[in-house]
There are 2 protein chains.
Amino acid sequence: MSEAAKSERGEQSRLAIAAAAQELFLERGYDKTTMRAVAERAGVSLGNAYYYFSSKEHLVQAFYDGIQASHAEVAVRRLDGRVALGDRLGAALIAWIDVAEPFHEFAAQFFKVAADPGSPLSPFSPESAPARDAAVGIHRLVVEGSDAKVTKDVRAALPELLWMLQMGIVLFWVHDQSEGQARTRELVQRLVPVVDKVVKVSRLPGVKGVITDLIDLLDAMRP
Amino acid sequence: MSEAAKSERGEQSRLAIAAAAQELFLERGYDKTTMRAVAERAGVSLGNAYYYFSSKEHLVQAFYDGIQASHAEVAVRRLDGRVALGDRLGAALIAWIDVAEPFHEFAAQFFKVAADPGSPLSPFSPESAPARDAAVGIHRLVVEGSDAKVTKDVRAALPELLWMLQMGIVLFWVHDQSEGQARTRELVQRLVPVVDKVVKVSRLPGVKGVITDLIDLLDAMRP
DNA sequence: CGCGACACTTGAACGTGTTCAACTTCGATG
DNA sequence: CATCGAAGTTGAACACGTTCAAGTGTCGCG
């Protein structure tokens with residue numbers, strides 16, 4: 001009757017395995033979490049874990065999605081009442097850092113997994129398309145809810161550009177060993193006004209051409 | 001007598017292992033090259049390979065350095081006679097793609113290793129500082145040999161900014177499955193004029209402030 | 001020559017992610 | 001009810017990166 005319930009038993013196993021994996025990742029980090037330990041905590045056999053998740057990497061996807069969902073929720077809440085683009089962007093980026101903070105330590109460990117072009121966790125992989133679209137969507141919210149005066153094409157391209165900016169910030173964040181990722185927070189605080197200025201300046205006669213070139217480039221290079 | 005010759009036999013083993021590894025990486029890629037196969041081709045035991053290279057990752061470092069050196073050489077040669085900044089930047093970037101092309105297939109495989117923040121191969125690691133400095137140095141050459149009219153602070157910051165741009169291009173390149181990395185080449189061809197325009201525009205009244213902000217930010221966030 | 005120190009070398013052993021052929025459940029169908 | 005097939009489950013087995021205690025060669029010094 002319900003659309004996605006293949007079987008009662010099956011879904012329970014899948015959930016138990018995913019839950020066990022997330023617990024262990026938090027407790028020990030990615031590298032020290034073995035598939036055998038995941039299977040044992042989930043109360044299933046080793047082979048069974050592979051029946052539901054075709055690799056250890058796939059077990060991380062749930063985490064990925066979880067952070068994504070939390071970020072969306074927190075960001076939307078914090079966006080409320082803000083109208084300046086810089087304000088909104090800063091709120092969204094800081095929201096991500098807040099949401100991701102508990103996972104910073106072991107995030108570094110599976111960052112390498114995400115960086116593998118062949119991995120399903122790569123932000124550019126087909127499997128990650130939904131998560132990527134959702135992330136871009138947050139920035140679309142940031143842009144569309146703002147009072148920034150920009151041309152239509154800039155407004156259309158900005159969400160994706162901001163998502164790329166966020167990828168860069170994540171890269172910085174992964175390498176940031178400061179307490180509470182203070183340095184990344186400082187980076188965001190200082191970077192946001194610059195973005196704001198760039199957007200403001202984007203309509204200037206000499207600048208407009210550069211911006212449209214860049215947007216055309218982005219469109220042309222999209223796969 | 002000579003400074004670095006600990007022993008004849010030892011150095012021969014080290015070289016044999018490094019050579020065998022590079023051959024096998026080229027033949028089969030990183031993942032399919034086993035330490036056992038490396039040891040066998042080098043004519044040493046498995047344990048011996050670990051006596052000289054403490055991990056499989058360390059065997060890649062030689063490749064890294066080799067590409068770096070070749071790039072520097074080729075880039076310097078192609079830079080000769082070019083004066084326009086865009087020209088020079090394009091030449092340097094295309095030189096890198098040319099040099100790296102033979103390794104594209106398996107470069108993707110150890111890109112994940114380089115992306116690991118804890119790995120010595122990470123472009124941000126202390127161990128990579130020499131390679132990083134050399135890479136920035138190429139872009140310093142690009143900038144300083146050009147006739148671009150820019151303020152002193154921009155000229156000083158530009159090499160590092162261009163290096164970051166190159167890191168982005170490498171990221172694109174790694175994911176680029178087109179023949180001969182044609183798409184990355186197109187990206188470079190189209191991106192370079194945009195960079196040129198940005199630099200030209202950087203002295204405009206409304207833009208200058210944004211640029212100095214960005215440079216200050218870069219300085220403040222450097223570790 | 002004898003001997004100790006040290007660079008070098010070895011392969012067995014460990015723990016890991018992953019695969020697979022065999023087994024068990026269980027609901028639907030005749 | 002009996003049977004069949006698909007979904008679910010199992011643990012042994014494999015190949016790999018890595019470690020390590022034990023061995024071998026070699027050089028210098030007494």
Side-chain angles (χ1 to χ4, degrees), chain A residues 1-21 24-25 27-63 106 109-110 112-114 116 118-121, chain B residues 1-21 24-25 27-61 106 109-110 112-114 116 118-121:
Chain A
M1 305 304 139
S2 86
E3 64 299 335
K6 293 210 172 179
S7 139
E8 186 66 19
R9 186 170 46 127
E11 211 54 24
Q12 287 209 343
S13 292
R14 161 174 247 110
L15 290 177
I17 293 164
L24 287 168
F25 285 156
E27 287 175 23
R28 318 180 184 173
Y30 179 76
D31 288 341
K32 290 192 182 175
T33 297
T34 71
M35 290 299 283
R36 284 164 180 81
V38 170
E40 187 181 6
R41 182 166 299 196
V44 301
S45 71
L46 175 59
N48 197 228
Y50 280 92
Y51 182 78
Y52 290 102
F53 298 91
S54 49
S55 78
K56 191 179 173 185
E57 299 186 6
H58 280 81
L59 281 172
V60 180
Q61 189 83 49
F63 243 109
F106 80 91
Q109 286 182 3
F110 70 68
K112 63 164 177 283
V113 173
D116 180 3
S119 164
L121 278 92
Chain B
M1 305 307 137
S2 86
E3 64 300 334
K6 294 210 173 180
S7 139
E8 187 66 20
R9 189 169 44 127
E11 210 55 23
Q12 285 209 345
S13 292
R14 162 174 244 109
L15 290 176
I17 293 163
L24 288 168
F25 284 157
E27 287 174 24
R28 319 180 184 172
Y30 180 77
D31 287 341
K32 289 192 181 175
T33 297
T34 71
M35 290 298 283
R36 284 165 180 81
V38 170
E40 188 181 5
R41 181 166 300 197
V44 301
S45 71
L46 174 60
N48 198 226
Y50 280 93
Y51 182 78
Y52 290 102
F53 298 90
S54 48
S55 77
K56 192 178 174 185
E57 298 186 7
H58 281 79
L59 282 171
V60 180
Q61 190 84 49
F106 79 91
Q109 288 182 2
F110 70 68
K112 62 165 178 281
V113 173
D116 181 2
S119 165
L121 279 89

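Residue numbers begin at 1 in each chain, while the letters A, B, ... track the order of the sequences. Side-chain atoms are counted along with the backbone in the values below, which use heavy atoms only and exclude waters and symmetry mates.
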Within 6.0 Å of CD in Q61(B), more than 12 heavy atoms from elsewhere: yes

Atom CD of E57(A) with >12 non-hydrogen neighbours under 6.0 angstrom: yes

Respond yes when some side-chain nitrogen or oxygen of [X] is under 4.0 Å from OP1 or OP2 of [N], and no when none is.
X      : N       : result
Y52(B) : dT9(C)  : yes
S54(A) : dT18(C) : no
S13(A) : dT9(D)  : yes

Rounded to whole Å, how long is the line connecting atom [atom1] of [X] with atom [atom2] of [N]?
X      : N       : atom1 : atom2 : result
E40(B) : dC16(D) : CD    : C1'   : 15 Å
R36(B) : dC14(C) : CZ    : C1'   : 11 Å
I17(B) : dT10(C) : CD1   : C1'   : 13 Å
H58(B) : dG17(D) : NE2   : C1'   : 14 Å
L46(B) : dC20(D) : CG    : P     : 14 Å
Q12(A) : dA7(D)  : CD    : P     : 19 Å
Y50(A) : dA13(D) : OH    : P     : 18 Å
K32(A) : dT18(D) : NZ    : C1'   : 16 Å

Which residue lies more 5' along DNA chain C, comparing D31(A) with V44(B) via nearest heavy atoms: V44(B)

Counting only side-chain heavy atoms from C-beta out, which of [options] sits nearest to [X]?
X      : options                   : value
Y51(A) : dG8(D), dC16(D), dT16(C)  : dG8(D)
N48(A) : dT9(C), dG8(D), dG17(D)   : dG8(D)
T34(A) : dG17(C), dG11(D), dT18(D) : dG17(C)
M35(A) : dC16(D), dG17(C), dT10(D) : dG17(C)

Aromatic ring pairing F63(A)/F106(A), orientation class (parallel under 30°, perpendicular over 60°, tilted between): perpendicular

R14(A) to Y51(A) six-membered ring, cation-pi geometry met (6.0 Å, 45°): no

Any donor-acceptor N/O pair, K56(A) side chain to Y30(A) backbone, under 3.5 Å: yes

